[in-house]
2 protein chains.
Amino acid sequence: MKKRVTLKQIAKELDVSVSTVSKALKNSEEISRDTKDKIQAFAKLYNYRPNNIALSLKNKKTKNIGVIIPDIVHHFFTTVFRGIEHYAGERGYNVMICVSDESFEKEILNMELLANGSIDGFIMSLSAETQEKNDYTHLKEVLGQGIPLVLFDRVTEDIECDKVILNDEQIAYDAVQGMIRSGKRKIALVTTEGYFNVSFDRARGYKRALEMNGLDVDKALVLTLPYKSEDDTVIWDFFESNDIDAVLCVNEIFAIKCMDVVQRQGKKVPEDISFIGFTNGILSRYSTPKLTTVAQHGELMGETAARLLIDRIENDLEGNHKTEVISATIIHRESTIN
Amino acid sequence: MKKRVTLKQIAKELDVSVSTVSKALKNSEEISRDTKDKIQAFAKLYNYRPNNIALSLKNKKTKNIGVIIPDIVHHFFTTVFRGIEHYAGERGYNVMICVSDESFEKEILNMELLANGSIDGFIMSLSAETQEKNDYTHLKEVLGQGIPLVLFDRVTEDIECDKVILNDEQIAYDAVQGMIRSGKRKIALVTTEGYFNVSFDRARGYKRALEMNGLDVDKALVLTLPYKSEDDTVIWDFFESNDIDAVLCVNEIFAIKCMDVVQRQGKKVPEDISFIGFTNGILSRYSTPKLTTVAQHGELMGETAARLLIDRIENDLEGNHKTEVISATIIHRESTIN
DNA sequence: TTGTACGCGTTATCAG
DNA sequence: CTGATAACGCGTACAA
């Protein structure tokens, strides 16, 4: 059990000063070949590594970035996280992660914890509760302290900072257009509560596509489901009491659940009803039939967010906030015609 | 943009010494009511928070734990992670996470990075490559430096440390027993390369159940698949050229893929072939038919691992390593009879 | 070529 | 009651 050695210990052992050791280990020209050799050999032997904490304190840079996401057992968020982690790693940054569990309180708690010096900047996606409350004082606080922040996916216009978002409105429009082109006319939308910016934007795209084609926007054809629910009866009733031939779902699970219900009702997918969902996750690839989905390119989102953040940490960008838009693409599978 | 205030700044502003401020903020009895009030009011106004990094340096405790997992877009690992995060949070710890991407090199890199003072202990699950190489010097290194380590799920007997594992052998045995009880006799195993301790243990349970019932262990009925592969032809051939009426799969994806193949071959699940998979993930709940699975209780594993680690960090346990076994349970769905 | 002194932010100890 | 000092581990400007 040889504990980690410090500069001081090496210095003492070799009977030189701490600064000599420090310089020698950085191969400084100031130090003679002889002492450098001696010190470097010793350091290697005892496997010296500078202490990150001490460096952080000295440099006022932790080389850590804090990520706060609403959920971790979640395909999209983990995909984004993977992108963040990869990119950050390449630029020498580590990642601390906190999960808000969709809770306003936990989001604040986590932010305050990390903001006390542990990280150089934040990447986050807002919790459901935060978007519902529409209260962003904790974000303003952090920004006010000069800590950079990048929001992704679940963002808000109330905060001025770098953002990475999907072209939600456009891709929803495209998706619906595609269904119309394949002959569908009675198109439903299955969505979450409207306070999610993403759901809101997707709904806008859905409506625009209908209007563009002279189709009515029928409120009865919009089903709003709670974020997490095991109860399928609402879905059952919705599809039983409405005449629907195509559905756009704002996430994968909703789509899978709805497909399951309509198939149990004896309808054929995609002939009778076609489906498109958001999030190109694992479910889509293995469902029956395989689900056509909107790929959000989470990994790219993550990389982009990390790039924006680290650029801001390392260069003094002074305002001048960017919003990068990731272009979604539609992955055609078996739940749509053609 | 009011930057974070330090003790020193408060001291200067109020014309007292740094130590007085420090004490006043901790409500020390040594300080007079008056000065305490004054200092506390000022601190509150400027929203003073002690700097984590400085505290870490002083206390030689970071209150961070490092988690290294092979993959993040992965139901089981994220579930475990959720358990870790929740439990750690309750005990005042933050989590730094690194992904090894199943790579030996990256695992070592990540460990070295975090071991340089950033964390008080590790929780990890070994990468595929590490298990294949069977080289654990980096783990020994870290343990040698006095940094506590808890392994979960993918563990090794070569390292002495706290561990959290599943009763893999037993639950595989139970699963196969159940299929035999329901009348199945020609039972296949679909597994990964044998260097995974979990696959190895599950195979042992599978064999024990067969032997216990006087059934032959037929090597032809064991299919070994690469960890990640898009090619289904091996699976197709396997089920075409063998007479099989039940299958135990060591993970969820394998099970879903195999079910898909045999159904395309015109067989009925579970009447002709029944399936049980490991990992009670999202796929199992939405597949057709819904998959009977072994629930690994990842969240509990995570909590347990975090508890073991933090206990070891905070108390000097001096060897005396525990291995906690989590009891898996079988979730019966539609892919098995009864 | 080497060493001294200082500062990063905090707390504990001891002196006043 | 309050303040000065040392220490955690490191790097660097400056002095010798």
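Letters A, B, ... mirror the listed sequences (proteins, then strands); counts begin at 1.
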Is a side-chain donor-acceptor pair under 3.5 Å present for A:Arg4 with A:Asn47?
no

Whether the A:Thr137 and A:Asp135 side chains hold a donor-acceptor pair (N or O, under 3.5 Å, no angle test) is what I'd like checked.
yes

When you check the gap from the basic side-chain N to the acidic O, do [X] and [Y] get nearer than 4.0 Å?
| X | Y | result |
| --- | --- | --- |
| A:Glu102 | A:Arg154 | yes |
| B:Asp37 | B:Arg33 | yes |
| B:Asp162 | B:Arg312 | yes |

Applying ring-ring contact (aromatic ring centres under 6.0 Å, His included), name anything that partners B:His297, two or more places apart in sequence or on another chain.
none

Is the closest side-chain heavy-atom distance between A:Glu13 and A:Phe42 below 4.5 Å?
yes

For a 4.5 angstrom cut-off between non-hydrogen side-chain atoms, does A:Leu308 reach A:Glu324?
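Result yes, sub-4.5 Å side-chain heavy-atom pair found.
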
Starting at the 5' end of DNA chain D, which residue's closest nucleotide do you reach first, A:Lys8 or B:Glu29?
B:Glu29

Take the angle between the ring planes of B:His74 and B:Phe77 and call it parallel below 30°, perpendicular above 60°, tilted in between.
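Ring orientation of B:His74 relative to B:Phe77: tilted.
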
What integer distance in Å separates [X]:[atom1] from [N]:[atom2]?
| X | N | atom1 | atom2 | value |
| --- | --- | --- | --- | --- |
| A:Ile31 | D:dT12 | CD1 | P | 13 Å |
| B:Asn27 | D:dC1 | CG | P | 13 Å |
| A:Lys60 | D:dG11 | NZ | P | 17 Å |
| B:Asn116 | D:dC10 | CG | C1' | 13 Å |
| B:Glu30 | D:dA4 | CD | P | 15 Å |

Scan B:Leu7 against the nucleic acid and name what it touches under 4.0 Å (heavy atoms): base, sugar-phosphate only, or nothing.
base

Separation between CZ of B:Phe81 and CD of B:Glu299, rounded to the nearest 0.5 Å
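So the CZ of B:Phe81 and the CD of B:Glu299 are separated by 11.5 Å.
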
A:Phe122 CZ to A:Leu139 CG distance, which is reported to the nearest 0.5 Å
9.5 Å

Does anything in residues 49-58 of chain B come within less than 4.0 Å of DNA chain C? Heavy atoms only, and list the residues if so.
B:Arg49, B:Pro50, B:Asn51, B:Ala54, B:Leu55, B:Lys58

Numerically ordered, the residues 11-25 of chain A set in heavy-atom contact under 4.0 Å with DNA chain C is A:Val16, A:Ser17, A:Ser19, A:Thr20, A:Lys23

Range on DNA chain C touched by chain B - first to last nucleotide, heavy-atom distance under 4.0 Å:
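Endpoints of the contacted stretch of DNA chain C: C:dC8 to C:dC14.
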
Where the side chain of A:Thr20 meets the backbone of A:Val16, is there a donor-acceptor pair that is under 3.5 Å apart?
no

Could you pull out all residues at least two apart from B:Lys23 that satisfy side-chain hydrogen bond (donor to acceptor under 3.5 Å, both in side chains)?
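For B:Lys23 the side-chain hydrogen bond (donor to acceptor under 3.5 Å, both in side chains) partners, ignoring immediate neighbours, are B:Glu30.
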
Just report the end-to-end axis angle for the helix from C:dT1-D:dA16 to C:dG16-D:dC1, five pairs per end, to 10 degrees.
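That helix has its two terminal axes inclined by roughly 70°.
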
